[in-house]
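Scroll down for the structure; my scribbles are underneath it.
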Amino acid sequence: MNRRPTLFSLIMAMPLLVWQLAFFLFPLLFLVAISFWTVRNFQMQPDLSFANWERILSRGVFWDAYLRTIVLSTAAAVITSLIAFPASYAISFKMGEKAKRWMIFILIIPFFTSYLVRVYSLQVFLSDAGIVNAALSYIGLGPFSMLNNAFGILVGMVTLTLPLVILLQTFSMNFINRDLIEAAHNLRCGRLRTVFAVIIPSAKVGLVVAALFAFILSFGDFVSPLYLGGGNPPTLSIMITDITKSGQQWPRAAVVAIMMIVTLMTVAFSAISYAYREKGK
Amino acid sequence: MGNENRIINILLKVHIALCLLFIFAPIAGSFVFSLNSDRFPSLPLGEFSTEWYRLIWEDPLVWSGFANTLIVGLTVAVIATALGFGGAYTDFRYNFFGKSFYLALALLPPTIPVVIMGLAMLAFLSRVNLSGTTISVIIAHGVMCSPFAMAIIRLRLSQMDPDLEAASWNMGGNQWQTLRHVIIPFTKPAIFAALFITMAVSFDEFAVAWFVSGLNETLPVKILGFLQGQVSPRINAIGSLAFISSMTLIILAQLLLRNPEEPKS
Amino acid sequence: MKEAIDMTGQPEAFVKFENVVKRFGNFVAVEKADFEIGRGEFLAIMGSSGCGKTTTLRMLAGLEDPTEGAIYLDGEKVNGKATWDRDTPMVWQSLALFPFLTVQENVEFALKMRGVGKEERRQRADKWLEKMQITEFANRNINQLSGGQKQRVALARALVTEPKILLLDEPLSALDAHLKVRMQAVLANLQKELGITFVYVTHSMSEAFSMADRVVIMSRGQIEQIGTPEEIYREPYNRFVAEFLGSANIFDGTVQGPAGDDGWDISYEGGTTILPRSELTDAKQGQSVTFIVSAENMQLSLPGSGQAGIEASVAGEEFVGGTAMVFLETSLGQEIKVQKSHDELSALDLHAGSKVIVHWASESCHVLPGETG
């Protein structure tokens, strides 16, 4: 209404801004800063040294972990998206309004359970003498090793991300104009072909965003790699927790963290650009 | 709907059921295991037992963890809801230079991996000698929970007739009176929902809490400790209790958001 | 355009807009609004969407600040005075009743904001609830009322502080047709009874003309004409207003020369006519002039009757109550509207395609001052 900020508007807007600047943005910037600091006598000292960077980036261990983390998160994002798609499709197109709302409520429940507890429970399910192997033994299938390997990690990551991906995909498919689909059928496009020709392109942004969230969550997760994957060889997130908990070498952990952030931002930016790029531009 | 193929529909419904099974098996399993006598449950299941619940009931460490979680949760709920309310109202009413930056800052925390947030907060808070205290967890959770509060309240504000605020000014109410007599009454259900949901998010948040809480561990951090020590199925008991309490909060929040226009008697 | 407003005989000015301009970035919403509103006057501001009428009203209420110019309320300059400090209650298009309050609480709201005590609040609100005949709904929630009842709550809420001016922003647009007519009567009577100034914004000409003492017609931020309904109807100022009124036929002509002592010879596409000097006091040969003849003043004759006029054929008819509007098309493609009673029409025996001669008395012509010169 008025040009000058009033006391009222400042009281409304400032607290959140100040809080986030001080406790969100600043710590992240501080993280960048301390990556150049050095540790002497178990204390972090302000410095301008590239020693941490050289040390981390020159070690094979780091790049192995980097590659492993990227491969695992990409696999998790792809697998989750593929598993989620038929489910989201069914919810969005084959269910009535009431059923849809129930499904959404059901899918929100996992967000309010402890991921840790679920992973612990998964340990019980997946261990060599656990529930799944016991059930399989009844039909004569030999025990499978599902823990302390990539399989266990992926199961954990999918557990973490599947509800969110289904919700995001369903949400974006809900917005597709139903007339488009009828038009496609009308033009003799079969059901399966319609999915590829109409539905996926129309929901492209939502599908990419859903996969992106799955990637981000998996990339930063340390619980599944640690408790379902054995922790060794480590992912980037495990590297950070190891370095932090075993000493004061926070600057080195900061280097790893920054590499993670840069990677995530690059992936996010590319994904969003791809999603929003329109044909013919 | 003549273009439907019966078989495909059935397959799709089966697929959804399998997905739900996959998602809820660990949750249901945890509940079942908490009442099971076996230390390492398998098939066939052991006997029914409430041993684990008894153990956590008697463990002072669990109680102190619970107390910390409660203190943090209640405080964070109030702080995050207040911050989120301010942010939501600011977005609703004002346009200004740098608004995108403001919104990004307000809403981005959930997209940053918790390990990174934990490390950043740990480094920062210890530099200002706040690390290892309950306050540090409150600060960190304030950052992480206010986006949720802001989103919930902003959604409710978008359902408000934009003329309502102007009508109040028109009737002689200044901005403070309008806030008190119009905006807050209208958004009340969303405010309560935000309180409950931020509390629930804080309850379950373990990663950042683990980094910054030092010795004043919250309950989820204790759970992490138990996991590392491979110590025990008590986790299932704690998890089941935590789940029940979180669900109660969520259901209350849902009910509130569903009946916005209660006539005052 | 600037219409000189004759304030002699008008009640004293209560509101004054002085060269008010409102810009939103590069968009000019209101361009040089300059007019006065009298104490106790019912003024309608009329125009189609986007013409600036609502913006003008909002500036008076304090919801927008003028970019240039000044607004005076009861002698005091109110630019920049906050909405809540003015006493300019408004009835909103969406009614904006508070859904979390009962009817009684809604009506008491303005008094509560002003710090009036509980007991006095209730008494004053009760008085207005009774006046608007909604006492029985006092404790109901807003959602339980019908459209018409909600209207009356909105009015009670606005009037409870006994203000000197009431603003109304298209308050009847959401009502059914028969309710609209009834509410128009309610509003008109209410205004006369209270004797306060009403400023009423609408896009409906019939609403404005039936209720208002004076009407302001706006288009694209400009005020096109201000006057009483009769003045506007009989003497529209320019082409826009004439077209807006809808029942006038507009002709563009050129002055040929004087026609006797009290007229001018005018040629236009389709023929010649004579305009009386009372309509056009001074003119030069070759000057362009636009004039209208209203549909009621059009005469029809059959071809072959020897009557001079425009040749046209019947394109269609529209019945409105006891009269009919006949649409004719000339050989040059111009549309002419003629209003006749059913009796007169049946005497002519017309059907689609029938040829007629259209003519009028020169006294029926009105020159549009805004288009001349």
Phe219(A) portion near chain B, given a 4.5 angstrom heavy-atom threshold: neither

Under a 3.5 Å distance rule, please check whether His185(A) uses its side chain to pair with a backbone N or O of Cys189(A) as donor and acceptor. yes

Using non-hydrogen atoms and a 4.5 Å limit, figure out which bit of Phe8(A) sits close to chain B: side chain, backbone, both or neither. both

If one checks every heavy atom of Ala268(A) against chain B at 4.5 Å, the contacting part turns out to be neither

Please answer whether the main-chain N or O of Asn174(B) pairs with a side-chain N or O of Gln177(B) as donor and acceptor at a distance below 3.5 Å. yes

Between Ala25(B) and chain A, which part of the residue has a heavy atom less than 4.5 Å away: side chain, backbone, both or neither? both

Region of Phe23(A) in contact with chain B, defined by heavy-atom distances below 4.5 Å: both

Measure from the side-chain N and O atoms of Ser30(B) to the backbone N and O of Pro26(B), and report whether any donor-acceptor pair falls under 3.5 Å. no

Please look at Leu28(A) and chain B and tell me whether the side chain, the backbone, both or neither of the residue comes under 4.5 angstrom of a heavy atom of that chain. both

Extract all donor-acceptor atom pairs below 3.5 Å that involve side chains of residues 250-258 of chain A and protein atoms in other chains or at least two apart in sequence.
none

Could you measure the distance from the CD1 atom of Ile112(B) to the CD1 atom of Ile216(A)? Nearest 0.5 Å is fine. 8.5 Å

Check whether Leu18(B) gets within reach of chain A through its side chain, its backbone, both or neither, counting any heavy atom under 4.5 Å. neither

Interface moiety of Ser126(B) toward chain A, non-hydrogen atoms closer than 4.5 Å: side chain

State whether the side chain of Gln169(A) and the backbone N or O of Phe85(A) hold a donor-acceptor pair below 3.5 Å, judged by distance alone. yes

Mark yes when over 12 heavy atoms from residues, nucleotides or ligands other than Tyr138(A) sit less than 6.0 Å from its OH; otherwise mark no. yes

Check whether any side-chain N or O of Gln123(A) sits under 3.5 Å from a backbone N or O of Tyr227(A) as a donor-acceptor pair, and report yes or no. yes

Which of the residues Pro113(B), Pro109(B), Ala80(B), Gly87(B) is involved in the greatest number of heavy-atom pairs with chain A at under 4.5 angstrom? Pro109(B)

Do the non-hydrogen side-chain atoms of Trp176(B) and Ile11(A) ever get within less than 4.5 Å of each other? yes

Contact winner vs chain A - Tyr89(B), Tyr102(B), Phe96(B), heavy-atom pairs under 4.5 Å: Tyr102(B)

If you count heavy-atom pairs under 4.5 Å between each of Val32(B), Leu11(B), Leu83(B) and chain A, which one has the most? Leu83(B)

Tell me whether Ser34(B) contacts the main-chain N or O of Phe31(B) through its side chain, where contact means a donor paired with an acceptor under 3.5 Å. yes

Could you have a look at Ala17(B), Ala200(B), Ala106(B) and say which one has the most heavy-atom pairs with chain A under 4.5 angstrom? Ala106(B)

Please look at Leu16(A) and chain B and tell me whether the side chain, the backbone, both or neither of the residue comes under 4.5 angstrom of a heavy atom of that chain. both

Listed partners of Lys13(B) passing salt bridge (Lys or Arg N to Asp or Glu O under 4.0 Å), at least two apart: none

Atom CZ of residue position Arg127(B) - does it have more than 12 heavy atoms of other residues, nucleotides or ligands inside 6.0 Å? yes

Answer with side chain, backbone, both or neither: which region of Ile106(A) has an atom nearer than 4.5 Å to a non-hydrogen atom of chain B? both

For the candidates Leu122(A), Ile83(A), Leu21(A), which exhibits the highest count of non-hydrogen atom pairs separated by less than 4.5 Å from chain B? Ile83(A)

Before we go on, tell me: are the rings of Phe85(B) and Phe92(B) under 6.0 Å apart, centre to centre? no

Please state whether the side chain, the backbone, both or neither of Ala135(A) comes within less than 4.5 Å of a heavy atom of chain B. both

Quick one: what part of Ile108(A) sits under 4.5 Å from any heavy atom of chain B, side chain, backbone, both or neither? neither

Contact origin within Val32(A) toward chain B - heavy atom pairs under 4.5 Å: neither

Identify which part of Leu179(B) has an atom lying under 4.5 Å from any heavy atom of chain A, answering side chain, backbone, both or neither. side chain

Would you mind checking which part of Phe24(B) comes under 4.5 Å of any heavy atom in chain A, side chain (CB onward), backbone (N, CA, C, O), both or neither? side chain

Which answer fits Leu264(A), side chain, backbone, both or neither, if we ask what part of it has an atom under 4.5 Å from a heavy atom of chain B? side chain

Given that the side chain runs from C-beta out, which part of Ser146(B) has a heavy atom under 4.5 Å from chain A: side chain, backbone, both or neither? side chain

Look at Ala134(A), Pro27(A), Gly220(A) and state which one has the largest set of heavy-atom pairs under 4.5 Å with chain B. Pro27(A)

Is there a donor-acceptor pair under 3.5 Å between the side chain of Asp91(B) and the backbone N or O of Arg154(B)? no

